[in-house]
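Okay, structure first, notes after.
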Amino acid sequence: MKKIINQPSTLMMEMLNGIVMAHPELELLRKHKVIKRKQLDTDKVTLISGGGSGHEPAHAGFVGKGMLDAAVCGEVFASPSQIQVYQAIRETASTKGTLLIIKNYSGDVMNFKNAAHLAEEDGRKVDYVRVEDDIAVEDSLYTVGRRGVAGTVLVHKAAGAAAEEGRSLEEVKRIAQKAADNVRSIGIALTSCTVPAKGSPTFQLAEDEMEYGVGIHGEPGIRREKVLSAGALAKRMTTDVLKDLQITEGSEAELVVLINGFGGTPLQELYAFNHEVAKELSKRHLNVNRSFVGNFMTSIDMAGVSLSILKLDDELKTLISRESDAPAFKVSG
Amino acid sequence: MKKIINQPSTLMMEMLNGIVMAHPELELLRKHKVIKRKQLDTDKVTLISGGGSGHEPAHAGFVGKGMLDAAVCGEVFASPSQIQVYQAIRETASTKGTLLIIKNYSGDVMNFKNAAHLAEEDGRKVDYVRVEDDIAVEDSLYTVGRRGVAGTVLVHKAAGAAAEEGRSLEEVKRIAQKAADNVRSIGIALTSCTVPAKGSPTFQLAEDEMEYGVGIHGEPGIRREKVLSAGALAKRMTTDVLKDLQITEGSEAELVVLINGFGGTPLQELYAFNHEVAKELSKRHLNVNRSFVGNFMTSIDMAGVSLSILKLDDELKTLISRESDAPAFKVSG
Amino acid sequence: MTLTAKQTRAWLLNFSNKIHDNKQYLSDLDQAIGDGDHGSNMSRGVTAVEAAITDESLEKASDVMKKAAMAMVSKVGGASGPLYGSAFLEMAKVIDNEAIARVIAAGLDGIKKRGKAEVEDKTMVDMWAPVVDALQDGRLSVEAIEEAKAQTKPLKAKKGRASYLNERSIGHLDPGAVSSSYLFIALLEEVEVND
Amino acid sequence: MTLTAKQTRAWLLNFSNKIHDNKQYLSDLDQAIGDGDHGSNMSRGVTAVEAAITDESLEKASDVMKKAAMAMVSKVGGASGPLYGSAFLEMAKVIDNEAIARVIAAGLDGIKKRGKAEVEDKTMVDMWAPVVDALQDGRLSVEAIEEAKAQTKPLKAKKGRASYLNERSIGHLDPGAVSSSYLFIALLEEVEVND
Ligand SMILES: Nc1ncnc2c1ncn2[C@@H]1O[C@H](COP(=O)(O)OP(=O)(O)O)[C@@H](O)[C@H]1O
Ligand SMILES: Nc1ncnc2c1ncn2[C@@H]1O[C@H](COP(=O)(O)OP(=O)(O)O)[C@@H](O)[C@H]1O
Ligand SMILES: [Mg+2]
Ligand SMILES: [Mg+2]
Ligand SMILES: [Mg+2]
Ligand SMILES: [Mg+2]
């Protein structure tokens with residue numbers, strides 16, 4: 001394993017320190033591994049997200065004006081404990097209540113929900129929304145739903161803008177839920193990530209292989225296949241996502257596209273991939289309102305890309321283009 | 001070679017298209033591979049930089065308010081031709097003249113300088129500054145000076161802020177030169193990049209090896225060594241850079257730190273490395289004014305990091321903290 | 001027969017040792033159908049458990065169990081933290097008054113309530129449920145535990161991270177079932193359960 | 001003897017073929033002490049040269065050479081683009097009136113003016129300078145070219161990207177000297193230069 005680290009056990013705390021040094025508008029609650037805005041507006045709904053580490057810039061990079069108020073940071077790929085989340089809720093309480101945005105993984109869901117219950121027992125107003133945007137996982141009665149992946153960032157954005165307007169908890173939740181209901185993602189990997197504590201890649205792929213439908217924790221994808229060209233990949237991923245969103249050719253709805261690198265893929269390829277996706281959408285006479293390209297929800301150093309598409313209505317369209325000023329998600333408004 | 005591409009020969013144009021799609025405030029002059037601001041202020045000094053591709057987000061990602069007006073894009077690791085640069089100068093001309101910011105590589109210098117001469121023959125006011133921040137290269141009478149690497153981004157920032165104020169070409173050049181004179185960098189690599197047209201890594205390193213003093217084009221470093229821990233690496237790199245800048249313990253000058261990932265290193269490690277560098281600086285009683293952490297001047301998919309330090313005076317301090325709104329360099333001001 | 005604080009402590013410390021010894025193995029199992037961290041999650045958890053239960057002033061088995069539950073819940077994120085936490089918490093509620101079969105049954109209920117998994121969903125439930133049955137019949141043995149463990153292999157996961165793999169989850173042991181197997185082997189080693 | 005447009009075209013097309021044939025080799029050489037793109041840079045350049053000089057209406061050798069120079073300058077970034085461009089441009093100025101030795105000498109001057117390199121700086125100058133000498137003595141041969149090429153190996157680079165490597169540049173051929181060697185072998189194959 002080649003990494004610029006001291007030892008895996010101290011990496012996370014060093015990283016959190018490094019984040020607040022680079023972004024002095026953020027504050028680290030060391031004991032609970034919570035990164036929060038230094039200046040909280042206690043008169044708006046508090047938005048909290050988080051999860052395991054290893055997805056940087058998620059979620060600390062999304063704390064800031066127009067996005068989150070706090071990110072609760074678990075160990076690499078492990079949800080934060082309910083105590084951490086509970087403390088985050090306490091430390092960022094506002095008069096309007098708190099909304100938790102949870103990526104749908106059993107660990108995250110259990111810990112965030114338990115924390116919400118603990119806080120409610122204190123008499124606080126807390127609600128939550130689960131994001132389940134990954135279409136790689138079949139939606140069926142027998143599973144725990146789908147995974148929450150990069151689409152979550154767009155849920156932060158929409159809910160963040162609504163909260164910033166001073167809307168009620170119910171309203172902000174409605175917006176978050178609407179964004180979550182209208183965003184879908186699919187990801188592929190060319191290489192596996194290497195979890196520092198483990199020191200070796202989580203899976204092995206041959207030079208001509210990729211995994212289609214990977215998660216963001218080094219979980220294998222749903223199929224192992226031969227590598228495709230950027231164009232063929234864009235066509236397939238776009239088709240799959242649009243189908244799941246039930247968007248047909250020529251649909252009026254404007255779309256937000258998020259091209260997310262998993263950490264090891266150069267920006268060069270991400271931008272070129274954006275071009276391929278745009279070509280696919282324009283072939284289908286669909287309108288892109290905005291596209292975001294970069295590393296947003298990574299899987300440490302994995303090479304690969306995910307495509308997320310959010311279907312806008314007028315309300316979401318307005319909110320998505322509002323100003324945001326988080327380290328890893330700045331929109332000029 | 002595992003990349004998400006169609007073929008190497010079309011990658012660059014696809015990438016440039018993908019960039020302007022994601023950033024509609026930018027415009028691509030397809031014929032000359034120039035990315036420029038859509039809205040130019042013809043009453044401020046025009047700032048142009050550029051160079052080979054493969055350094056994304058450099059330089060297109062630094063085109064925007066408070067930074068550059070245009071980036072001229074060469075093929076992967078090859079300077080743009082003088083014709084391209086000349087056309088960029090023509091297409092972005094302002095009443096106050098044009099400043100070229102050149103990374104010190106023979107190819108870049110020759111092509112940008114020739115372009116400046118061509119434009120001067122048209123009666124235009126054009127000047128240039130060379131950035132030579134890489135201390136890996138010994139400064140000697142017999143070499144062509146040092147390489148220009150990630151420190152160049154801070155030169156863009158300072159000069160960009162000065163230009164935005166409406167200063168004269170001479171003034172903007174003075175600022176750019178001052179920033180260039182006060183910034184130094186050093187980089188290390190854990191893996192080589194893979195140039196798409198070549199398809200195999202430019203150099204090979206064993207599992208326990210790193211290259212100290214690498215450039216940003218896959219050039220080997222000045223020494224091949226055993227991998228160091230993040231702390232030991234930060235200590236050595238910080239010491240080397242400070243020494244070259246002649247900054248001694250307890251010096252009053254405030255510093256800007258730029259931790260630059262080469263493309264394949266996860267943000268996790270970059271932030272943790274920022275923490276180690278901050279520790280080294282604070283041990284020496286030095287004051288960090290600001291630190292920037294991320295992928296700014298990459299070498300495609302190389303794993304590694306560079307450290308740049310800019311020594312501030314009051315003037316540079318003001319300029320560095322001015323607002324900037326380029327896709328890859330947003331400062332809130 | 002009910003457990004004493006001393007027995008409970010010995011049981012959990014034995015469990016803890018087994019987790020540490022098999023940390024890498026548990027992560028390897030999780031690598032195949034999950035995200036490769038079950039060993040480190042559990043080892044972080046039991047380290048906290050050890051620290052929490054060494055306090056000699058804990059007089060009742062329920063005190064020890066409650067401390068262990070809190071340690072798991074606060075130190076282990078991931079799915080296994082709250083699940084073991086719930087199990088231990090429910091066990092703490094009855095451990096001072098009920099026989100061991102009823103205690104483990106209470107733990108199983110905690111897991112099922114928290115994780116909504118049923119038998120054959122390829123989770124730790126597939127270890128706890130057969131163990132409860134065996135205890136009720138007074139025939140819990142290492143063999144029975146190993147048997148239950150092996151039974152998770154052909155199952156298709158329906159809960160937890162492995163469920164996202166669908167067909168590809170078949171043919172691998174469930175990591176949580178394996179870590180739970182150490183809990184019950186430790187129980188056999190420390191306590192005479194089948195009397 | 002001065003070159004005709006036809007001879008010049010044949011010479012440059014032959015050069016172009018050699019570059020295409022050795023594209024990978026040139027990049028490999030550049031990989032050792034540079035950034036591994038000299039082959040692709042040159043091949044992009046000569047492709048543009050081919051297209052520019054096929055125009056049969058170019059009547060003078062200088063017209064052909066000027067077109068080639070512009071093609072190199074506009075299509076090749078990197079260090080080699082402006083250097084070959086300057087060489088060809090300076091050669092164009094004299095090619096209609098001077099003997100070949102003077103033509104190559106003019107090219108060499110262009111390179112030196114543009115790149116500020118001297119002999120033994122481990123650049124293409126170390127190919128052009130001995131070739132000029134040999135031409136002046138009427139003894140240019142493949143052996144002399146190969147000899148000059150080999151001479152670049154022990155040198156330490158003082159100009160260009162390889163100079164950043166310092167000591168580590170020793171022991172490798174200079175890629176630009178090698179690509180220039182094809183220019184002169186092509187010249188030998190197309191023109192009787194030593195008369
Ligand atoms: N809903 C659930 N009910 C019961 N057990 C579960 C459930 N979800 C996961 N598990 C158990 O947790 C184990 C994985 O734990 P761990 O790897 O520590 O957490 P994570 O999956 O969050 O990385 C699985 O092997 C399984 O036994
Ligand atoms: N200053 C210079 N003077 C003469 N030749 C030079 C100079 N700099 C570079 N070269 C030549 O250019 C060659 C490298 O060209 P190339 O790889 O195409 O450009 P780059 O170095 O920009 O990648 C070197 O091998 C050398 O022969
Ligand atoms: Mg996990
Ligand atoms: Mg080059
Ligand atoms: Mg796991
Ligand atoms: Mg080169």
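With chain B as the partner, the residue from A/Leu267, A/Ile188, A/Leu228 showing the most heavy-atom pairs under 4.5 Å is A/Leu267. Considering only heavy-atom pairs separated by less than 4.5 Å from chain B, the leading option among A/Val227, A/Val257, A/Ile259, A/Leu190 is A/Leu190. Comparing B/Val20, B/Asp208, B/Leu205 by heavy-atom pairs within less than 4.5 Å of chain A, the highest count is held by B/Leu205. Ranked by heavy-atom pairs under 4.5 Å with chain A, the first of B/Ile300, B/Val277, B/Val293 is B/Ile300. Highest contact tally toward chain A, considering only B/Val288, B/Leu11, B/Thr298, is held by B/Leu11 [criterion: heavy-atom pairs under 4.5 Å]. No other option in B/Lys279, B/Glu207, B/Arg290, B/Met302 has as many heavy-atom pairs under 4.5 Å with chain A as B/Glu207. Of the listed residues (B/Ala278, B/Pro24, B/Ser332), the one with the most heavy-atom contacts under 4.5 Å to chain A is B/Ser332. Among B/Leu16, B/Asn295, B/Asp325, B/Asn274, the residue making the largest number of heavy-atom pairs under 4.5 Å with chain A is B/Asn274.
With contacts defined as side-chain heavy-atom distances shorter than 4.5 Å, the pair A/Glu269/B/Pro196 does not qualify. For the pair A/Ile4/B/Leu233, a side-chain contact is recorded, criterion being any heavy-atom separation below 4.5 Å from C-beta on.
The distance from the CD1 atom of A/Ile19 to the NE2 atom of B/His275 is 12.0 Å, given to the nearest 0.5 Å.
At distances below 3.5 Å, at least one donor-acceptor pair connects side-chain atoms of A/Lys2 with backbone N or O atoms of B/Ala206. In this structure, B/Asn6 contributes its side chain and A/Ala230 its backbone to a donor-acceptor pair below 3.5 Å.
Residue contact with chain A, scored on non-hydrogen atoms closer than 4.5 Å, involves the backbone and the side chain of B/Ala22 alike. Contacts of A/Glu276 with chain B are made by side-chain atoms alone, with heavy-atom separations under 4.5 Å and no backbone atom involved. Interface residue A/Phe273: only side-chain heavy atoms are found under 4.5 Å from chain B.
Pairing each heavy atom of A/Tyr271 with each of B/His23, the nearest pair is OH-NE2, 2.7 Å.
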Review point. Stepwise, does the side-chain contact (heavy atoms from CB on, under 4.5 Å) test hold for B/Val76 with A/Gln268?
Key: CA-CA 10 Å; B/Val76 172; A/Gln268 191 174 65; 3.8 Å; yes
